[in-house]
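Below is one structure; the comments refer to it alone.
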Amino acid sequence: MIGRLGPTEIILILVVVFLLFGAKKLPDMARSLGKSARILKSEAKAMKDESNTSTPPAPGEQPPAQRTIHAAPGDVHSARPVNEPTDTTQR
């Protein structure tokens, strides 16, 4: 009986959250959470792509262009360049 939440309990929880955080902060919190999720997704994709193409360029080839991570599509204010690791050690 403790683990079951009915519609009354869910509505009560939502009202308490609304009263604690206020109507003004809830959309900002949701927007921030979405932005964080997009950044995490793009970083995970970049790590996956990096592991697939981890071979260094041959002599005479140009290294790949520097990537820029955007927090949201079209968001140019929070964009930052990513420094790709370069392995210059000879094994």
Do any side-chain atoms of residues 21-33 form donor-acceptor pairs under 3.5 angstrom with protein atoms, and if so which ones, sequence neighbours left out?
residue, atom, partner, partner atom, Å
Asp28, OD1, Arg31, NH1, 2.9

*Glu43 (side chain) donor-acceptor with Leu40 (main chain) under 3.5 angstrom*: no
_Cluster companions of Val15 among Ile, Leu, Val, Met, Phe, Trp, Tyr (side-chain spacing under 4.5 Å)_ = Ile11, Leu19
